[in-house]
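Note that this is a predicted model, so its numbers are computed, not measured. By convention in this document, chain letters (A, B, ...) are assigned in the order of the sequence lines, proteins followed by strands, and residues within each chain are numbered from 1.
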Amino acid sequence: MSDAPKPRPARKIGRRTPLTDKAAAAQEAMFSRPSDDAGTHPVPAESLDIEHDPAQVDPREDKFAEWQVGVLFIIAALAAVGFVVAYVLIDPNAALGRDMNYALGGLFATSLLAMGAGFVLWAKKILPHDKMVQERHDFFSPEEEEIATEDTFLKGFQEMGLGSRRVLRRSLLAAGALLPIPAVMLLRDLGPLPHTRLRHTAWREGIKLVDVESKLPIKIGDIEIGGIATVMPEGHEEPDENALSPTILIRFAPGEIRSKKEASWGYQDHVAYSKICSHAGCPISLYEQQTHHLLCPCHQSTFDMANDANVIFGPAARRLPQLQITVDGDGYFVAKGDYSQPVGPSFWERG
Amino acid sequence: MSPSTFARRLASRRRQLASAAIVAVALGLLGMLYAAIAPRGSAATSADPAVDEGRSLFQSLSCASCHGLNGEGGKRAPSLIGVGAAAVDFQMGTGRMPLQQHGAEAPRKRPVASEGDILKVAAYVASLGPGPAIPQFDAADWQKADTAYGGALFRTNCAQCHNFAGSGGALTYGKYAPSLSDATPTQIYEAMITGPENMPVFGDKQITPDQKLAIINYVRTIKTQADPGGVGLGRVGPVTETVVGWLVGIGVLVIVTIWIGARA
Amino acid sequence: MASMGETAARQGLRYVDDRFGSASFLRRSFNKVFPDHWSFLLGEIALYSFVILLLTGTYLTLFFHASTEVVTYNGSYAPLRGVQMTDAYASTLHMSFDVRGGLLMRQIHHWAAVLFVMSIAVHMMRVFFTGAFRKPRTINWHIGVTLFILATLEGFAGYSLPDDLLSGTGLRIAYSVMESIPVVGTYLAYFVFGSDFPSTSGDFIPRLFIIHVLLVPGILLALISAHMMIIWHQKHTDFPGPGKTEHNVVGSPFFPTFVIKTNGFLFLVFGVCAFLGAFAQINPVWLYGPYNASQVSAGSQPDWYIFFLEGSLRLMPNLESNFWGHTISWNIFVPGVILPGIMFNLLYVYPSLEAWITKDKAYHNLLQRPRDVPTRTALGVFGLTFYAILYLGGQNDVLANTFHWSLQSTTWVMRVLIIIGPFIAYYVTKRWALGLRHKDEERLHHGEETGIIRRLPSGEYIEVHEPLPAQRQAILAMQLGHDLPDHAELPSGNGHHSNGQGNGQAPGIGRPVGAMARAREALEGFFFERHDSPKSGPGDDDPKTLTRP
């Protein structure tokens, strides 16, 4: 046995102890060749236990490898031609354009993949496998070089006088601190100030509840028991312009509403709640008519609609605001006013 | 679509539905009258043979074991008085009833009863009390409806539970809104008017029959239309796209890097 | 022919050299050595995805209208004909259905975006677990983390541009996250979006567009260039192997081998994106429908790199504070702003933190295997597990629906897992790494098992161990972190030049002074945690393993 048992390494993981001279020498022995001025020199593949590809020792294999690469490049070229043909010949509207997408994409992918495979085979089979070794250099400079640079910098800095001239320094600081302010001011008109816009919706007293799609007002009896409708304030029917106004109108069976307040804010088992989630503002209407749960599809906040829209699960911290409703003389649902609290997600000034 | 076609179709639809409703109401009244006269639980006969056959099927298909001998409901199942023929046709036609086991949600299965038997049970249940009748329309009706309008209605009223393409979605505590891919036009219609399980009811005054047909047309159109971009990946959005991204995209490219990096 | 080509090449090189004096630089560049381990190509996936994104993205700008003007769609896609929508959405439909190859380009662009962020993440894991971020490559790690964050923002901006129902829902949440920032949140949201949600002023989509096509790509391009130039200047790291030391690079020359291979790889990455774009549908905006503030779809998910934020919002308990007329919604602010802030900052500081704890000021050009630094590896898996649970949390509704789990139970399981999962992962990883490491140490010091059983005169049976060849021993020693003598010879003058590996002895004898120093020492103890050798009895130091007759 050539090697004597070595002393155990320190059990502290990651510490380093010097290697035996012999092992290190084996490592270094490979690099006793001359290098060029960039510190680079070639190492034959054999010395790194790399086997030569058959193509590099047998001329017939070499010819075969060249053809392999060549065939791949020919495929790439043919696929490119095929792309042009498909573009002209295929009906762009067939199957909503799927045929075109298959043909163009399939041929484009074939062309690219064949090209890429050809390049890789070229490198693997035809180029020599000999390796190169290059010296690394440390990135720090000699100490005298570093000191000289530091001295040069400090000399220049002293000449600037920022350290010694107090007026210069302080006035420059003042100017430097104030100059960015105009830039910030320019950003002021990026948007309007919020004012109290987040506190209000388009709902007002006497405004009819209209269906968001048909734009028709909703009459008592239009909604079946266990039904739900998305409504907007009449005259402000566009959800995209009144994003806090979407409201859901739910009809319960008699006696299902458990909260007296909820029932009194509604009208004959009909209640209206904000559709905008009090968590992150998604429009919620995943309503379960038997359990009376309302689920938000974005973050799964769950509200008990039969009990003041209490949060029973999920990240929402507040119940959904309820809209007080009644019916007008013709039996149409109308709002009794705006929501009594801000609708949608919380914000700093909400309170 | 011009408003006049709309109106004409609306009128014809209404006529058909009205006659169907009259039949249903008549049947229901008959049933109620009968229930009032006949002694409870007796094997008396009714005027309509379908109702009689429906009653015996109601018991032999073991509906009665949960819903009660006369559909009055029980601890494990709701009363069927007043649910109407549409509910029976939907629940049995989608195989949800008879229920195999109690769970958060009754899954869609192969129907146990034949179409004819389902209609008989429906006639019997309709005779228990007035409720929505099985909607009568044919393919030509919904295929004429306005797809784009149906799409807008679908996104407002349906997509929040059934997903943008009707692929289904999760509800609370194990319940789910099922995929609409197997639902027939009649079943979609029935679901809207009866509100099966936890689905809200969308009555004809809230979503008119024409609007319902438009929704059905939209659901059927996107179900049958091609995915122009290739495999549809279940039409559930970025979740499946991500799985493909990792497995096919990164997976294949890592194999490629190993191929390039391999010696010789 | 050959001589004509040769003449032309020489003339060309001279033309350039006459103007730049580039001969010596070019020669060194041609001969520059690149090590060839497969994992070094992961970053190239990101690089080439970016190239593909620039090419396909430029094509898409030829058709996209960054406008929220409301138009009535009248194109080829029948189920939306007659619907009112923004011009942004309508032009996306137009390029998908009425431009031949437009859908293909859109899908390649989107797939390349998905792969761009994925490959950055995978590349970062490779760099982390092999210790490639250590000095002198710390700054390049910082650039890399910045690229990851910017790529995420860039992806989110692009995903939001078509103004479809799904991306609009994402923007609604982004708006709410901005609103949740204390003091300035409301103003910030109004200024960024130009109005209340969803931008009634119409400024937002054009702003997002210029951010997506000019501002962020410009910064990405600059930082990617810097990233590459630093790699070029510092030379690539390599794993220990035959003939490889801290002071050399062994591999293929830049020209021609590396150039050919890397070009091939560019084509292959592009090919995979094109294949996906042809056969796997991504972001079918026509099915989502135009954005409408009163509509939402079940299973609303962002693209994958936002899953973790979506998950943190979903798993967060519903905390909110109200005081003195103000509200802080912790339920959004913590998971939406604080948590990603902490996560990205931890990524930024990790290299300096580890160097400070281990007192490691040395240059490192050779990589470590994950097992060689068990604590770092375990910390990495800790972080990945945390991320993975958030990632799964972001799709909990789709998981619940697919497997018919209860949505609420799924969320609760994840809420528990997010707290205990990372610790379990840490412990398991560390044990595993230590076990592998111990096995390697046995091989280094006792040699390889031969399977030959010999009976000693005493009647004892032993298994003969063959010592490893010297070179393999050297490589293993390097992997396990034993210095080579030439490394130890580096000047150890003024600190930053030294190889300064902690040698177990504090420079000054006695207790370290100051709270920071004591904290550092405690952390060092944690990082280099002592581990007793496995129970192997007194024969442990013997090169032979005892076997009972």
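Per-residue heavy-atom pair counts under 4.5 Å with chain A were compared for C:Asn365, C:Leu103, C:Thr411, C:Ile328, and the maximum is reached by C:Asn365. Ranked by non-hydrogen atom pairs under 4.5 Å with chain C, the options A:Ser301, A:Ser111, A:Gly97, A:Cys298 are led by A:Cys298. In terms of heavy-atom pairs under 4.5 Å with chain C, the best-connected choice from A:Cys282, A:Ala117, A:Pro345 is A:Pro345. When each of A:Ala243, A:Cys277, A:Gly344 is scored by its heavy-atom pairs under 4.5 Å with chain C, the top score falls to A:Ala243. With chain A as partner, the option from C:Gly325, C:Ser76, C:Gly271 having the largest number of non-hydrogen pairs under 4.5 angstrom is C:Gly271. Of the listed residues (C:Thr169, C:Leu319, C:Asn292), the greatest number of heavy-atom pairs within a distance under 4.5 Å of chain A belongs to C:Asn292. Among A:Phe347, A:Phe83, A:Phe108, A:Phe139, the residue with the largest count of heavy-atom pairs under 4.5 Å with chain C is A:Phe139. No other option in C:Val33, C:Val259, C:Val272, C:Val296 has as many heavy-atom pairs under 4.5 Å with chain A as C:Val33. Between chain A and the residues C:Val183, C:Leu315, C:Ile332, the most heavy-atom pairs under 4.5 angstrom are made by C:Val183. Annotation: maximal heavy-atom pairing with chain C below 4.5 Å, among A:Ile276, A:Leu286, A:Leu198, occurs at A:Leu198. Top candidate by heavy-atom pairs under 4.5 Å with chain A, chosen from C:Ala298, C:Ser180, C:Ser294, C:Gly185, is C:Ser294. Between chain C and the options A:Pro246, A:Pro92, A:Ala109, A:Ala114, the largest number of non-hydrogen pairs under 4.5 Å is found for A:Ala109.
For A:Leu295, the part lying near chain C is the side chain, with the backbone staying farther off; criterion is any non-hydrogen pair under 4.5 Å. The parts of A:Pro297 that come within reach of chain C are both its backbone and its side chain, each placing non-hydrogen atoms under 4.5 angstrom from that chain. Proximity to chain C involves both the backbone and the side chain of A:Tyr87, based on heavy atoms less than 4.5 angstrom apart. For A:Leu244, the part sitting under 4.5 Å from any heavy atom of chain C is the side chain, from C-beta outward, and nothing else. For chain C, the nearby part of A:Thr302 is the side chain; its heavy atoms alone come within less than 4.5 Å. Contacts between A:Arg98 and chain C at a heavy-atom distance below 4.5 Å are absent for every atom of the residue. Proximity to chain A is limited to the side chain of C:Gln107, based on heavy atoms less than 4.5 angstrom apart. Only the side chain of C:Pro136 comes within contact range of chain A, judged by heavy atoms closer than 4.5 Å. No part of C:Arg376 comes within reach of chain A, as not one of its non-hydrogen atoms sits under 4.5 angstrom from that chain. Residue contact with chain A, scored on non-hydrogen atoms closer than 4.5 Å, involves the backbone and the side chain of C:Thr257 alike. For C:Ile173, the parts lying under 4.5 angstrom from a heavy atom of chain A are both the backbone and the side chain. Contacts of A:Asn101 with chain C are made by both backbone and side-chain atoms, with heavy-atom separations under 4.5 Å. Residue contact with chain C, scored on non-hydrogen atoms closer than 4.5 Å, involves the side chain of A:Met100 exclusively. Proximity to chain A is absent for every atom of C:Leu276, based on heavy atoms less than 4.5 angstrom apart. Using a 4.5 Å cut-off between heavy atoms, C:Asn322 contacts chain A through its side chain alone, with no backbone atom that close. With a threshold of 4.5 angstrom between heavy atoms, A:Leu121 does not approach chain C through any atom at all. Neither the backbone nor the side chain of C:Ser96 comes within contact range of chain A, judged by heavy atoms closer than 4.5 Å. For a residue to count as touching a neighbouring chain, one of its non-hydrogen atoms must lie under 4.5 Å from one of that chain's; by this rule C:Glu466 does not touch chain A.
Classification of the C:Phe323-A:Trp348 ring pair by plane angle, with boundaries at 30° and 60°, yields perpendicular. Using the six-membered ring where Trp is involved, C:Phe97 and C:Tyr77 have ring planes that are parallel, under 30° apart on the 30 and 60° scheme. The aromatic rings of A:His299 and A:His279 sit perpendicular to each other, their planes meeting at more than 60°, with 30° as the lower class boundary.
Defined by atom type and a distance below 3.5 Å, a donor-acceptor pair is missing between the side-chain atoms of C:Glu320 and C:Thr327. A donor atom on one side chain and an acceptor atom on the other are not found under 3.5 Å apart for A:Arg319 and A:Ser278. Defined by atom type and a distance below 3.5 Å, a donor-acceptor pair is present between the side-chain atoms of A:Gln341 and A:Arg350. Counting only N and O atoms by type, the side chains of C:Asn396 and A:Gln300 include a donor and acceptor under 3.5 Å apart.
Between C:Arg314 atom CZ and C:Asn331 atom CG the span is 15.0 Å, to the nearest 0.5 Å.
The nearest pair of heavy atoms linking A:Ala76 to A:Met115 is CB-N, 3.9 Å. Considering all non-hydrogen atoms of both residues, A:Leu112 and C:Phe267 come closest at O-CB, 3.4 Å.
Looking at C:Arg28 and C:Ser24, their side chains come closer than 4.5 Å, going by heavy atoms from C-beta outward. You'll find the side chain of C:Thr358 reaches within 4.5 Å of the side chain of C:Phe528, heavy atoms only.
The environment of C:Phe275 atom CZ is sparse: at most 12 non-hydrogen atoms of other residues, nucleotides or ligands sit within 6.0 angstrom.
Taking the centre of each ring, A:Phe140 and C:Tyr363 come in below the 6.0 Å mark.
With a 6.0 Å cutoff to the six-membered ring centre and a 45° limit on the axis angle, C:Arg172 counts as a cation-pi contact of C:Phe197.
In this structure, C:Thr245 contributes its side chain and C:His247 its backbone to a donor-acceptor pair below 3.5 Å.
Comment: C:Glu246 does not engage A:Arg136 in a salt bridge, judged by the lack of any side-chain N to carboxylate O separation of less than 4.0 angstrom.
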